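Scroll down for the structure; my scribbles are underneath it.
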Amino acid sequence: MSPTPDPSPQVGREPFPRLSDDDLATCVHCGLCLDACPTFRQTGLETESPRGRIYLMTQWKRGQLEFKEEQVRHIDLCLGCRTCEAVCPSGVPYGRIIEAGRAEVEARRRPDPKRGIAKTALRQLVGHPQRLRAFGSMTRVAQYVGITNVVRSGRQLPRLRPAFKPPASGGAPAIGARKHRVAFLVGCVMPILYPQSHDAAVKLLQLAGCEVWFPKEERCCGALHAHNGDLEAAEKLREHNSRVYATGEFDALIVDSAGCGSHLKDFYPDLKGRVKDLSEWLVEIGLPEPRRDVKMKVTYQDACHLAHAQRIKKQPRELIRAIPGVELVEMRHPDICCGAAGLYSTLEPQMSQRILDEKLADLTATKAEIVVTANPGCQMQLESGLRARRSHIRVEHVSELLVRAFL
Ligand code: SF4
Ligand code: SF4
């Protein structure tokens, strides 16, 4: 008798990595990462550097250092931006180390109301698309009637537009000949905060000959949960989404949020090689000739999880430079974090603000009219900082800039 097929395929089952001696031992303490680390640049303290944090976690792991709350601060202050990983000559997997380290910290620290609320919000709100949409609708109404501080956070929410809605059919056709079939990550907060970025991204994909599939039951990818040390919730979301993706056929899963793309590439083994950042994919398959000039002076802020975690720096710049009329001016240190880092600006507002202030000084020095980036957290952080300075510089997702050339 043949075995009964398993109704739920065993997808996405590899456990999230826990803090490992092998990973920690890859650090040779050379210090070449120090000047690239935003928190070391601000404080000059070894304990706020990648090397110092790795040393701390190694000592805990070996039982050579007692776990103390004041040392936890050094882990909390890490942005998880992975700049250190990108410059490390020894191949230290810092992103994996810090996410595993955070999970250990969360399991052992004294209850912290602020972090407790963040964890509950991530589990009960961000992980549930319908609840999040309802929250978005209520916030839109509150903004409309003038109650703008509904959510007290390190940064203000942008003025919300109607949320991004995939077509009822679950798909959007290619414009012209169909060359590819792609899935599109709608995600959790992005369709609510920046629906226009998704609209532009989908339009670009269609123009490039892609039929776009929006997996209906898809939920948050779990990046924010993993980033905050809640690997259990991240694992559950991955298992759910992996089952959803297994129901469709597609050449690539397109992601226009750098943090999500990095998480999917690292922690969704079933999707290996098929997760593509929007700019990475568009450079790979090519866009049609632009229809019009876009006369603008533009600067580009690298999102950390695109530049450092996915090592994608050239592609967005290549696409921007290909738009006739655009003048791309580089700011000083475009690949240093803006201080957004998921919930960091809410949980660590002082350090986030110090990092943002330096970023805004570099950004405004370019005299650009518009700053483009590729992650909703960076968009919100930069918008909030520029608004506070009463600056006229606009912030857009790279997709919004590109699509102007095709309207
Ligand atoms: S993380 Fe890499 S660059 Fe930094 S001290 Fe360790 S080995 Fe050197
Ligand atoms: S992830 Fe970013 S903030 Fe954390 S140690 Fe590395 S460079 Fe510094």
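Just so we're clear, the structure is a prediction, and the values are computed from it rather than from any experiment.
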To the nearest 0.5 Å, atom CE of M57 lies from atom SG of C27 at 10.0 Å

side-chain contact (heavy atoms from CB on, under 4.5 Å) filter on P113, not counting sequence neighbours, yields none

Exactly one candidate in H225, K236, R123 meets side-chain hydrogen bond (donor to acceptor under 3.5 Å, both in side chains) with D230; the answer is R123

Across all chains, not counting sequence neighbours, the salt bridge (charged side-chain N to carboxylate O under 4.0 Å, His left out) partners of R115 are D76, D112, E348

Residues at least two apart in sequence or cross-chain that pass side-chain contact (heavy atoms from CB on, under 4.5 Å) with D293, listed by chain then number, are K295, P324

Sorted by chain and number, sequence neighbours left out, ring pair (Phe, Tyr, Trp, His ring centres under 6.0 Å) with F250 holds for W213

D266 meets the side-chain contact (heavy atoms from CB on, under 4.5 Å) criterion, sequence neighbours left out, with R82, S262

Sorted by chain and number, sequence neighbours left out, side chain to side chain donor-acceptor pair (under 3.5 Å) with Y300 holds for none

**Message:** Closer than 4.0 angstrom, basic N to acidic O: yes or no for R41 and E358?
**Reply:** yes

Residues 303-336 vs ring-ring contact (aromatic ring centres under 6.0 Å, His included), sequence neighbours excluded, gives H227-H305

Could you list the donor-acceptor pairs under 3.5 angstrom formed between side-chain atoms of residues 179-192 and any protein atom two or more places apart in sequence or on another chain?
from	atom 1	to	atom 2	distance (Å)
R181	NE	E211	OE2	3.4
R181	NH1	E249	O	2.7

For V326, the side-chain contact (heavy atoms from CB on, under 4.5 Å) test, sequence neighbours excluded, returns V294, V298, I320, I323

With sequence neighbours left out, the residues meeting salt bridge (charged side-chain N to carboxylate O under 4.0 Å, His left out) with R219 are none

Taking V244's backbone N and O only, do any of them form a donor-acceptor pair with K216's side chain (distance below 3.5 Å, no angle check)? no

Check the pair D22, S20 against side chain to side chain donor-acceptor pair (under 3.5 Å), reporting the backbone distance first and the verdict last.
CA-CA 5 Å; D22 288 349; S20 106; 5.1 Å; no

Residue set satisfying salt bridge (charged side-chain N to carboxylate O under 4.0 Å, His left out) with K313, at least two apart, ordered chain then number -> D335

Between S197 and D256, the two heavy atoms sitting closest are O-OD2, 3.8 Å

Residue pairs passing the side-chain hydrogen bond (donor to acceptor under 3.5 Å, both in side chains) test with at least one member in residues 88-104, sequence neighbours excluded, are D23-R96

